[in-house]
There are 4 protein chains.
Amino acid sequence: MFILHPGSGIPLYRQVVEQVRRLVASGQLAEGAALPSVRELALEHAVNPMTISKAYSQLEAEGLLQRHRGKPMTVAGGQGSQASPSRRVRQIEPQALQLVAAARQLDLSPADLAALIDRSWRKKP
Amino acid sequence: MFILHPGSGIPLYRQVVEQVRRLVASGQLAEGAALPSVRELALEHAVNPMTISKAYSQLEAEGLLQRHRGKPMTVAGGQGSQASPSRRVRQIEPQALQLVAAARQLDLSPADLAALIDRSWRKKP
Amino acid sequence: MFILHPGSGIPLYRQVVEQVRRLVASGQLAEGAALPSVRELALEHAVNPMTISKAYSQLEAEGLLQRHRGKPMTVAGGQGSQASPSRRVRQIEPQALQLVAAARQLDLSPADLAALIDRSWRKKP
Amino acid sequence: MFILHPGSGIPLYRQVVEQVRRLVASGQLAEGAALPSVRELALEHAVNPMTISKAYSQLEAEGLLQRHRGKPMTVAGGQGSQASPSRRVRQIEPQALQLVAAARQLDLSPADLAALIDRSWRKKP
DNA sequence: GTGGTCTAGACCACA
DNA sequence: GTGGTCTAGACCACA
């Protein structure tokens with residue numbers, strides 16, 4: 001469900017936050033759906049529970065998740081089932097721009113990059 | 001020459017390191033070329049000189065840059081003028097994979113992502 | 001464990017780097033052993049934590065030390081318990097050569113130097 | 001006459017200062033003897049003349065050298081021809097202590113170190 | 001508790 | 001002018 005890259009330089013808790021946001025925006029985590037418990041996730045990714053907890057707390061503060069005493073957190077109401085395509089696209093626009101900037105610094109052509117993206121889609125379906 | 005994103009979560013000095021690596025791989029910084037001075041870069045990006053210096057030192061340790069007492073650092077020898085396309089592509093493979101993973105989590109289609117990438121190329125040429 | 005000479009002209013962080021290398025080579029810091037924490041060492045030697053941190057980071061880049069998020073650094077694997085005598089001797093060969101060169105410039109005899117070394121061994125056992 | 005180690009961490013001008021002090025203490029540079037010119041030394045060691053000049057100035061301030069308009073600097077009076085053995089030995093005591101400390105950290109025996117010193121004497125006679 | 005990043009600022013060595 | 005070292009101090013991420 002989540003993929004964490006500890007060596008990427010991006011804080012682990014931020015990686016979790018962003019991934020939950022995406023899964024909610026896409027409807028893969030629908031309104032009311034339960035999230036994996038802090039412990040479970042922490043174990044699975046060999047990470048301290050506090051790291052996951054910090055991510056969940058931030059998402060709760062944003063109003064995206066809801067806490068329930070003694071029960072797993074759930075996706076809060078008011079999201080609809082799936083955000084509009086343009087809203088979803090906007091969530092990865094910064095990364096796309098940075099990737100293109102990197103490709104430019106590597107003197108790669110749009111075709112080179114398109115081919116790389118294509119291969120990446122096929123890699124882990 | 002460099003673009004820094006202070007809010008991206010990635011340490012500034014790492015952003016510099018990666019960008020220098022790309023510019024060298026692409027030949028835009030050729031063997032023997034002098035790099036912008038630490039102070040110059042620091043001023044331009046409103047960043048502390050030590051942050052730039054840390055990036056340069058790491059690149060020197062890697063053997064990509066060379067120090068010259070009292071003079072600007074230069075791109076070390078043994079780089080050739082431009083790395084092979086496959087070597088260059090490999091430098092952004094991780095980012096491409098992460099972008100695709102994000103697109104998947106957003107339930108975007110390959111076509112959606114391709115369109116986004118296309119638009120990104122046109123944005124700041 | 002470490003002895004720092006602030007007035008020696010050699011940067012403090014380099015002194016730390018070299019001493020860790022020696023303690024690892026001799027097996028006094030064995031594979032897996034935890035190093036004193038940055039703050040601890042900094043306090044003990046009345047030195048800024050960043051100075052120690054810089055030394056540790058360099059040793060990590062060399063592969064001699066390993067980072068563990070939130071925990072103390074340790075000596076990396078692949079060192080064996082003690083380097084061979086010849087490898088250990090090689091680590092101070094440059095200093096030995098410089099000392100002999102200095103003795104020559106002072107017109108001291110090999111016996112004079114040997115006596116000095118002898119006395120030095122006895123000084124702080 | 002002088003040996004400079006740019007990579008040793010010790011500032012070049014300090015290396016010059018210390019070596020002049022030793023050559024004077026040993027009588028190899030006697031009272032009134034002329035020193036190599038700043039330019040000459042700078043060229044020979046591929047170093048900026050200001051670096052040598054700084055060393056000479058410091059030695060002048062110490063009273064060890066004397067400046068003469070248009071002529072090479074000379075060793076100042078009042079040194080006698082050779083300092084006493086104990087005074088000369090004292091000049092390298094700190095280095096000897098550091099070498100012994102390093103040997104201890106490498107878990108070398110006094111015999112190991114003595115052998116290394118012996119070999120070092122023979123290396124560049 | 002652990003290490004990491006960044007800043008503002010002083011001062012040094014070298015060209 | 002160039003880069004390097006060190007400090008004091010704030011704040012962050014992770015266990």
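So that the names make sense, note that chain A is the first sequence line, chain B the second, and so on, each numbered from 1. Worth saying up front: this structure is predicted, and the values here are computed from it rather than measured.
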DNA chain F: 5'-proximal contact among Ser57(B) and Ala46(C) (nearest heavy atom): Ser57(B)
Val38(B) or His68(C): which one's nearest nucleotide on DNA chain F is closer to the 5' end?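 The residue closer to the strand's 5' end, by nearest nucleotide, is Val38(B).
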Both Leu35(C) and Met50(D) contact DNA chain E. Which one's nearest nucleotide lies toward the 5' end?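 In this pair, the answer is Leu35(C).
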Verify the contact: side-chain N or O of [X] to OP1 or OP2 of [N], cut-off strictly under 4.0 Å; return yes or no.
X	N	value
Lys71(C)	dG1(E)	no
Arg67(C)	dG4(E)	yes
Ser53(B)	dG3(F)	no
Lys54(C)	dT5(F)	yes
Tyr13(C)	dT5(F)	yes
Thr51(D)	dA15(E)	yes

Tell me whether the side-chain N or O atoms of Arg39(B) pair up with the base of dG3(F) as donor and acceptor below 3.5 Å, since no angle test is needed here. yes
Which distance, rounded to the nearest 0.5 Å, do you find between the CD of Gln28(C) and the CD of Gln82(C)? 8.5 Å
Interatomic distance, [X] [atom1] vs [N] [atom2] [rounded to whole Å]:
X	N	atom1	atom2	result
Arg14(B)	dG3(E)	CZ	P	19 Å
His45(C)	dC6(F)	NE2	P	14 Å
Leu59(C)	dG3(E)	CG	P	13 Å
Leu4(B)	dT7(E)	CG	P	10 Å
Leu12(C)	dG4(F)	CG	C1'	13 Å
Ile10(C)	dG4(F)	CD1	C1'	15 Å
Asn48(B)	dA10(E)	CG	C1'	12 Å
Leu65(C)	dG4(E)	CG	P	10 Å

Heavy-atom check, side chain of Gln91(D) versus side chain of Arg88(D), under 4.5 Å: no
Shortest side-chain distance from Pro11(D), nucleotide among dG3(F), dT7(F), dC14(E):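 Shortest atom-to-atom distance from the side chain points to dC14(E).
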What nucleotide among dA15(E), dA15(F), dG3(E) has an atom nearest to a side-chain atom of Val47(A)?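 Side chain of Val47(A) sits closest to dA15(F).
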List the steps and the verdict of side-chain hydrogen bond (donor to acceptor under 3.5 Å, both in side chains) for Arg67(A) and Ser57(A). CA-CA 9 Å; Arg67(A) 212 175 276 279; Ser57(A) 295; 3.1 Å; yes
Take Arg21(A) and Leu64(A) through the side-chain contact (heavy atoms from CB on, under 4.5 Å) test and state the conclusion after the steps. CA-CA 8 Å; Arg21(A) 280 204 204 111; Leu64(A) 204 75; 4.0 Å; yes
Base partner of dG4(F), which must satisfy Watson-Crick or wobble distances under 3.5 Å: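 Base-paired to dC11(E).
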Under 3.5 Å side-chain donor-acceptor pair for Ser8(B) and Gln98(A): no
Checking the side chain of Ser26(A) only, and the main-chain atoms of Gln105(B) only, is there a donor and an acceptor separated by less than 3.5 Å? yes
